[in-house]
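Owing to the predicted nature of the structure, the values given are computational and were not obtained by experimental measurement.
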Amino acid sequence: MNLPVPTPAPVTHYENFPVASWLCPPALRAPIAAIYHFARSADDIADEGEATADRRLDELASYRADLLAVGLGQSHSGRWPEVFEPLGVQLGAFRLPMHLLDDLLDAFAQDVRKTRDHEGYADRAELLDYCRRSANPVGRLLLHLYGVQDATALRQSDAICSALQLINFWQDLSRDVPRGRHYLNAADGAAHGVTRADIVALRPTPALRALLAEQVHWARALMLEGAPLVHRVPGRAGWELRLVVQGGLRILDRIEALGYNTLQHRPTVRAVDAPRMIWLAVWM
């Protein structure tokens, strides 16, 4: 989900990632940028261009080997110097948890395999396990940099990040379904009498709208569960997190306003939403 995150320099995109924002403490801009470029480049390998699925998986394996090398203080392959040279510096300077970076690569590879094999997700537990690796590491890495490590904060961070990932799924159905990516899980679909064929047809039937309404409610509940974390993250970063939370909730509001028809429309946060988001962030 492309939330409006202010950036001091031109960067491309990585979902839900505050990239060296002006709200970020200056001392943390370098490690956050290094993590961002690591994740962005890996996501591009998994998702961009015309490479075959097997080629993407081979490239991700090579990328993982470079991560392991720099984590051990060894030389990387030189294929992605703009990623692994700054990341190697920040790994040492901030003792970044390697397993969280590896989890991101595991999630990207899973996306490639599931798309190649035309697979979806069986139930919410399986989908949340994907979120655990695709989204939650971002929050945990940021908390590591902010020095917030208690169990409650980690749990709240996971709830926010999983919610953001789910919101991205429900926002992007009109894009993902035609590309063969299926995030509406089979168990919830069956409970509403919705099949894979119904989803692929991209017709907003009453059953599909009811299914999406339930998914939106689930994502909102997760976001609200994690929202108290904004009071634990120090300084300007805490204010940035407030805006991230409000941006996610605003997307859910827009999905509801569409009658849960994101099979044919993609809602976004717009400039006109900024005053409301800022107001709600102040009063959190």
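Below 30°, between 30° and 60°, or above 60°: for Tyr183 and Tyr121 the angle between ring planes is below 30°, a parallel geometry.
Between Arg196 and His182 the shortest side-chain heavy-atom distance falls below 4.5 Å. Between Leu141 and Pro97, some side-chain heavy-atom pair lies under the 4.5 Å cut-off. Looking only at side-chain heavy atoms (C-beta outward), Tyr146 and Leu28 come within less than 4.5 Å of each other. Here the side chains of Val194 and Leu184 are not in contact, with every heavy-atom distance at 4.5 Å or above. Taking the side chain as every heavy atom from C-beta outward, Leu67 and Leu87 approach each other to under 4.5 Å. Put simply, the side chain of Leu258 does not reach to within 4.5 Å of the side chain of Ile255, judged on heavy atoms. For the pair Ile45/Trp80, a side-chain contact is recorded, criterion being any heavy-atom separation below 4.5 Å from C-beta on. Residues Gln165 and Cys131 form a side-chain contact, since some pair of their non-hydrogen atoms from C-beta on lies under 4.5 Å apart.
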request  = Give the C-alpha distance, both sets of side-chain angles, the deciding distance and a yes or no for side chain to side chain contact (heavy atoms under 4.5 Å, CB included) between Leu263 and Ser174.
outcome  = CA-CA 5 Å; Leu263 293 164; Ser174 63; 5.9 Å; no
request  = Let me see the working for Val233 and Leu143 under side chain to side chain contact (heavy atoms under 4.5 Å, CB included), right down to the final yes or no.
outcome  = CA-CA 8 Å; Val233 176; Leu143 286 187; 4.0 Å; yes
message = Between Leu145 and Leu96, is the side chain to side chain contact (heavy atoms under 4.5 Å, CB included) condition met? List the steps.
response = CA-CA 8 Å; Leu145 292 173; Leu96 298 176; 3.7 Å; yes
request  = List the steps and the verdict of salt bridge (charged side-chain N to carboxylate O under 4.0 Å, His left out) for Arg40 and Asp43.
outcome  = CA-CA 5 Å; Arg40 176 70 263 164; Asp43 195 24; 3.1 Å; yes
task = Tell me, with the steps shown, if Trp170 and Ile251 meet side chain to side chain contact (heavy atoms under 4.5 Å, CB included).
result = CA-CA 9 Å; Trp170 315 148; Ile251 290 291; over 6 Å; no
inquiry  = Glu214 vs Arg209, test: salt bridge (charged side-chain N to carboxylate O under 4.0 Å, His left out). Steps then yes/no.
reply    = CA-CA 9 Å; Glu214 184 178 74; Arg209 288 175 187 261; over 6 Å; no
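Counting only distance, with no hydrogens or angles, the side chain of Asp172 and the backbone of Arg175 share no donor-acceptor pair below 3.5 Å. Counting only distance, with no hydrogens or angles, the side chain of Lys114 and the backbone of Glu119 share no donor-acceptor pair below 3.5 Å. Side-chain N or O atoms of Ser77 include one that pairs as donor or acceptor with a backbone N or O of Arg79 at under 3.5 Å. Here the side chain of Gln110 pairs no donor or acceptor atom with the backbone of Asp106 at under 3.5 angstrom. Within the 3.5 Å criterion, the main-chain N or O of Phe94 finds a donor-acceptor partner in the side chain of His144. The backbone N or O of Thr268 lies less than 3.5 Å from a partner atom in the side chain of Arg254, making a donor-acceptor pair. Side chain of Arg133 to main chain of Leu104: no donor-acceptor pair is present (N/O by atom type, distance under 3.5 Å, no hydrogens or angles). Using a distance-only test at 3.5 Å, with no hydrogens or angles considered, no donor-acceptor pair links the side chain of His76 to the main chain of Ala65.
With respect to Arg236 and Glu240, no salt bridge is recorded, no charged nitrogen being found less than 4.0 Å from a carboxylate O. Arg155 has no carboxylate O lying under 4.0 Å from a charged side-chain N of Asp158, or vice versa, which leaves the two without a salt bridge. Under the 4.0 Å criterion applied to side-chain N and carboxylate O atoms, Asp103 and Arg140 are not assigned as salt-bridge partners. Note on Asp253 versus Arg250: salt bridge recorded, some NZ/NE/NH1/NH2 to OD/OE distance being below 4.0 Å. Using a 4.0 Å cut-off between charged side-chain N and carboxylate O, Glu256 and Arg220 make a salt bridge. Ionic pairing of Asp54 and Arg116 is present here: one or more N-O contacts between side-chain nitrogen and carboxylate oxygen are shorter than 4.0 angstrom.
To the nearest 0.5 Å, atoms OG1 (Thr152) and CZ (Arg232) are separated by 7.0 Å. Between the CD1 atom in Ile199 and the CG atom in Leu211 there is a gap of 6.5 Å [rounded to 0.5 Å]. Taking CD from Glu85 and OG from Ser75, the interatomic distance works out to 10.0 Å, rounded to the nearest 0.5 Å.
Closest of all the heavy-atom pairs between Ala187 and Asp123 is CB-CB, 4.0 Å. Counting all heavy atoms, side chain and backbone alike, Arg56 lies closest to Glu48 at NH1-O, 2.7 Å. Shortest non-hydrogen contact noted between Leu249 and Met223 is CD2-CG, 3.8 Å. Closest of all the heavy-atom pairs between Ala219 and Ile167 is CB-CG1, 3.9 Å. Residues Asp150 and Ala153 share a closest heavy-atom pair of OD2-N, 3.0 Å. The nearest pair of heavy atoms linking Leu222 to Ala159 is O-CB, 3.5 Å.
Annotation: cation-pi pair Arg242/Trp239 present, NZ/CZ under 6.0 Å from the ring centroid and within 45° of its normal.
Leu105 and Leu68 sit in two unconnected hydrophobic clusters of ILVMFWY residues. Membership requires side-chain heavy atoms under 4.5 Å apart, directly or through other members. In the hydrophobic clustering of this structure, Leu91 does not group with Val89; members are Ile, Leu, Val, Met, Phe, Trp, Tyr whose side-chain heavy atoms approach within less than 4.5 Å, directly or through other members. Both Trp218 and Leu212 are part of a single hydrophobic cluster, where members link through side-chain heavy atoms under 4.5 Å apart. Placement of Leu154 and Val138 within a single hydrophobic cluster is found when ILVMFWY residues are connected by side-chain heavy-atom separations under 4.5 Å, directly or transitively.
Side chains of Ser162 and Asn136: a donor-acceptor N/O pair is present below 3.5 angstrom, by distance only. Asp198 and Thr195 share a donor-acceptor pair across their side chains, judged by distance under 3.5 Å alone. A donor-acceptor pair shorter than 3.5 Å cannot be found between the side chains of Gln171 and Thr262. Counted by atom type alone, Gln215 and Asp188 present one or more donor-acceptor pairs between their side chains at under 3.5 Å.
Residue Arg181 is tested with Asp176, Asp111, Asp117 for a salt bridge (charged side-chain N to carboxylate O under 4.0 Å, His left out); the sole match is Asp111.
Between Phe108 and Tyr63, a ring centre-to-centre spacing not shorter than 6.0 Å is recorded.
Crowding of His217 atom NE2: a count of heavy atoms from other residues, nucleotides or ligands under 6.0 Å not exceeding 12.
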